[in-house]
Amino acid sequence: MYRVASPSEYLVITGAGIDDIKLAKKGWILPGQSYIIFDMSPVNYTFEVQAMSSEKLPFMLPAVFTIGPRIDDMPSLHKYAKLISRHDKLSSHVKELVQGIIEGETRVLSASMTMEQVFRGTKEFKQEVFEKVQLELNQFGLLIYNANVKQLVDVPGHEYFSYLGQKTQMEAANQAKVDVAEARKKGKVGSKEREGLTLQNASKIDAETKIYATKRSGEGMMAEIKVKAEVKVYENAREAEVLEANAELAKKKAGTEQLKAEFLSKASVEYETKVQEANWELYNKQKAAEAILYQREKEAEALKAIAEAEFYARQQVADGEFYAKKKEAEGLIALGQAQGAYLRNLLDAVGGNYAAMRDFMMINSGIFQEITKINADAVCGLQPKISIWTNGGGEGGAKWAMKEVAGVYKMLPPLFKTVHEQTGMLAPAWMGTSANSVSNN
């Protein structure tokens with residue numbers, strides 16, 4: 001017969017005239033040959049691989065791999081045809097094969113990396129997993145057409161990524177608070193500095209203005225009020241010193257306000273940091289307690305499951321023994337009923353004659369043969385003494401009858417003696433005893 005494969009299929013022909021296998025898109029199937037058709041279209045396999053980092057921290061790696069035969073390489077197609085083509089691509093056999101390779105390579109790779117390396121180098125981690133899995137799939141003639149490794153996921157009871165995200169959020173929040181406090185501090189310090197400089201400049205300008213006015217005034221009345229001018233200059237100088245001292249005091253007050261602002265900002269930041277650290281420590285303790293509770297709940301569930309399994313196994317054994325005993329009893333009852341029916345039918349067959357039925361059963365069971373054998377064994381080796389006697393016959397037979405009877409009685413003593421000699425048995429006392437037996441006694 002002539003067979004043609006579709007564009008996405010291949011014929012695999014084996015049998016007479018073919019040493020190994022033959023791949024073709026179409027061809028004749030000769031007598032003594034067999035064939036199968038396999039589909040080359042790729043299939044999506046979805047997995048959740050559980051792996052562990054070098055710090056013994058478990059995590060989940062969700063992944064979707066699009067895998068199919070390598071259509072551009074004939075040796076790979078031969079491998080696929082020999083090893084995989086007889087199985088459905090969606091069967092558990094193929095899925096377990098692919099999943100085993102992916103899980104094995106992922107676990108080996110993650111075991112050599114820390115969790116931080118896995119998390120920060122996700123792109124490189126995915127690429128290395130892809131390359132190592134492809135290397136293993138080559139021996140089956142399979143090709144990874146596409147691989148999508150999703151974001152790493154925490155394993156229940158080991159929330160590393162959740163804690164890491166919370167830590168990052170808290171660090172960002174604390175840094176923002178520090179920045180805000182720093183900005184407030186700079187604003188307050190700058191404001192105080194500007195106020196101090198303003199006061200200093202105002203005082204200086206006022207002093208210079210007064211000095212200038214005094215000088216201008218003194219130039220006109222130098223001769224007349226020289227003393228007053230000198231006194232006024234002195235007073236103005238003193239006043240300037242006072243103003244300068246006030247400006248210095250204002251500057252020092254501004255510095256004091258700056259220090260107060262700095263101390264207040266640092267105290268606020270330190271307080272917020274301590275609060276966050278206390279909350280973080282409380283959260284960690286709560287999570288640790290929840291993890292211990294979860295573990296103990298799982299251990300209790302496991303012990304319960306084991307106890308239920310043992311109880312079920314014992315119950316099954318007891319049920320099996322009860323069933324066996326019941327069947328044994330039913331068999332005995334059925335056997336008794338069958339034997340009873342058999343005896344009733346046999347009794348009916350011999351017309352109710354119990355003796356005939358008994359003889360038949362003894363013959364059928366070989367009892368008579370056994371008795372005959374026992375009797376034969378008992379007399380084996382005996383040397384009996386045989387006496388032959390006759391009544392004479394003829395016309396005088398009647399006349400000799402009484403003689404024969406008397407002869408029988410005469411033969412009894414020799415017969416008893418012979419029996420005694422052969423078997424060691426004695427005749428009953430009521431039949432009489434011989435003189436020899438009396439003398440022997």
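The two residues Pro42 and Thr66 make their nearest non-hydrogen contact at CB-CG2, 3.8 Å. Contact record, Pro31 with Ala16: O-CB, 4.2 Å, taken as the closest heavy-atom pair. Closest approach of Leu142 to Pro69, counting heavy atoms only: CD2-N, 4.1 Å. In this structure, Lys95 and Thr46 approach most closely via the heavy-atom pair CE-O, 4.2 Å.
Once rounded to the nearest 0.5 Å, the distance linking NZ of Lys82 with CG of Leu23 reads 9.5 Å. The OH atom of Tyr45 sits 9.5 Å away from atom CD1 of Ile102, with the distance rounded to the nearest 0.5 Å. Ile84 contributes atom CD1, which lies 11.0 Å from atom CZ of Phe38 (distance to the nearest 0.5 angstrom). Summarising the geometry, atom CG belonging to Asp19 is positioned 12.0 Å from atom OG1 belonging to Thr14; distances are rounded to the nearest 0.5 Å. Rounded to the nearest 0.5 Å, atoms CD (Glu128) and CD (Glu105) are 10.0 Å apart. To the nearest 0.5 Å, the span separating CG on Leu347 from CZ on Arg358 amounts to 13.0 Å.
Salt bridge status for Lys287 with Glu290: present, with a side-chain N to carboxylate O gap under 4.0 Å. A salt bridge links Lys285 and Glu281; the closest N-O separation between the charged side-chain nitrogens and carboxylate oxygens is under 4.0 Å. At a threshold of 4.0 Å, the pair Glu330-Lys327 counts as salt-bridged, since one of the basic side-chain nitrogens sits closer than that to a carboxylate oxygen.
Remark: side-chain polar atoms of Gln139 are paired, donor with acceptor, to backbone N or O of Glu136 under 3.5 angstrom. Using a distance-only test at 3.5 Å, with no hydrogens or angles considered, no donor-acceptor pair links the side chain of Glu310 to the main chain of Ala307. Side chain of Gln134 to backbone of Ile144: a donor-acceptor contact under 3.5 angstrom is found.
Shown here is Phe322, whose CZ atom has no more than 12 heavy atoms of other residues, nucleotides or ligands within 6.0 Å.
For the pair Ile21/Ile13, no side-chain contact is recorded, criterion being any heavy-atom separation below 4.5 Å from C-beta on. Annotation: side chain of Met1 is not in contact with side chain of Trp28 (no heavy-atom distance under 4.5 Å). Counting heavy atoms from C-beta outward, Ile67 and Leu143 have side chains that stay 4.5 Å or more apart. When side chains are defined from C-beta on, Leu11 does not count as touching Lys25, because their heavy atoms never get closer than 4.5 Å.
Cation-pi geometry between Lys79 and Phe140 is not met: the NZ or CZ atom fails to fall both under 6.0 Å from the ring centre and inside 45° of the normal.
Defined by atom type and a distance below 3.5 Å, a donor-acceptor pair is missing between the side-chain atoms of Arg70 and Tyr80. Ser6 and Glu9 share a side-chain donor-acceptor pair at under 3.5 Å.
A ring-centre distance under 6.0 Å is not found for Tyr145 and Phe65.
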Legend entry - Working for salt bridge (charged side-chain N to carboxylate O under 4.0 Å, His left out), residues Lys325 and Glu321: CA-CA 6 Å; Lys325 295 293 185 181; Glu321 293 177 353; over 6 Å; no
Legend entry - Test salt bridge (charged side-chain N to carboxylate O under 4.0 Å, His left out) applied to Lys373 and Glu370, step by step: CA-CA 5 Å; Lys373 182 180 179 181; Glu370 189 66 24; 5.5 Å; no
